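First listed ligand is number 1; within each ligand, the first listed atom is number 1. Being a predicted model, the structure only gives us computed values, none of them experimental. Counting from 1, the numbers follow the sequence of the chain as shown.
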Amino acid sequence: MGRKPFIAGNWKMHKTVAEAVELAQGLRRSLAGITEMELAVCPTATALHAVSEALKGSNVGVGAQNMYWEEQGAFTGELSPLMVKDLCRYVIIGHSERRAYFGETDETVNRKIKAALAHGLSPIVCIGESLEQNRAGETVDFVGEQIRGAFADISAEDARKLTLAYEPIWAIGTGLTATPEEADRIIRTAIRDVLASLYGAATAEAIRMQYGGSVKPHNMAAFIVMPEIDGALVGGASLKVDSFTAIVRNALEALP
Ligand code: PGA
């Protein structure tokens, strides 16, 4: 369907500036020349500038892990869309850790998405259910609601600019993953079908979907071959040159 595969690393709250630059330089070398796939890393805010410099002109893009929606003002501790845009192209919005620990809601996620789009940033929007919701059979309804909330008042044209990361919360950092078949089914029924009801099939088919949650070199291929899955948002395994490179290479090999 013409969706370009996209793998991004979420470095979370790891690495000093020097460590982040070292990782970025290593990835610049190890991932050089890959054009079949979009690649990005999302360092912590303090390292955004240095990592952007280290990856300038390379095939590895840079993203922030969060952002506020106002352009400037008395919002202590926050980054504005202008500040993020100054340094990078992508921004992760609504990661489950932000929702769980820092009070993000579907409404704040929606505001942030709108601000990111208004400033020409490419948002990676995270959704996913908890273990309790999964066990109670509520996944499709819950994720569907997250999608409706995230996309409220967003045009079809803008919707196409988003990448969605389906990350079951119980799979993040735990070593557990959804089975590729199950992740594919959720993305189809809870995400793509809801998007189709909002925007029509053509727009829904155009939106890229990453899987996230304990993606490692050994399981990447099984996810990327699924029809609905266009890549991954990688946490722990994105913190080392070798493992992130192996994920990208294994995905490349598995692509048709
Ligand atoms: P993980 O994190 O790969 O360490 O499970 C994924 C994420 O939170 O994006």
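For Cys126, the closest heavy-atom approach to ligand 1 does not fall below 4.0 Å. Heavy-atom separations between Gly213 and ligand 1 include at least one value shorter than 4.0 Å. Under a 4.0 Å heavy-atom criterion, Gly173 is in contact with ligand 1.
Ring geometry, Phe151 versus Tyr199: the interplanar angle exceeds 60°, so the pair is classed perpendicular (tilted spans 30 to 60°).
Residue contacts with ligand 1: Gly235 is placed with a nitrogen or oxygen under 3.5 Å of a nitrogen or oxygen of the ligand (distance criterion only). Annotation: Gly236 places an N or O atom under 3.5 Å from an N or O atom of ligand 1; distance criterion only.
Set against the non-hydrogen atoms of Ser214, the atoms of ligand 1 under 4.0 Å away are 1 (P), 3 (O), 5 (O). Heavy-atom contacts of His95 reach the following atoms of ligand 1: 7 (C), 8 (O), 9 (O) (cutoff under 4.0 Å). Using a 4.0 Å cut-off to heavy atoms of Ala171, the atoms of ligand 1 that qualify are 5 (O). Those atoms of ligand 1 that come under 4.0 Å of a heavy atom in Glu167, given as number and element, are 6 (C), 7 (C), 8 (O), 9 (O). Applying the 4.0 Å criterion to heavy atoms of Asn10 picks out, from ligand 1, the atoms 9 (O).
Met13 belongs to no hydrophobic cluster, as no Ile, Leu, Val, Met, Phe, Trp or Tyr side chain comes under 4.5 Å of its own.
For the residue pair His95 / Glu104, no side-chain donor-acceptor distance below 3.5 Å is found, with atom types taken as modelled. Side-chain contact annotation: Gln65 with Tyr90, donor-acceptor N/O pair under 3.5 Å absent. Looking only at atom types and distance, the side chain of Glu129 has a donor-acceptor partner in the side chain of Trp170 under 3.5 Å away.
Shown here are the salt bridge (Lys or Arg N to Asp or Glu O under 4.0 Å) partners of Lys15, two or more places apart in sequence or in another chain: there are none.
Checked by atom type and distance alone, the side chain of Tyr166 never pairs as donor or acceptor with a backbone atom of Ile191 at under 3.5 Å.
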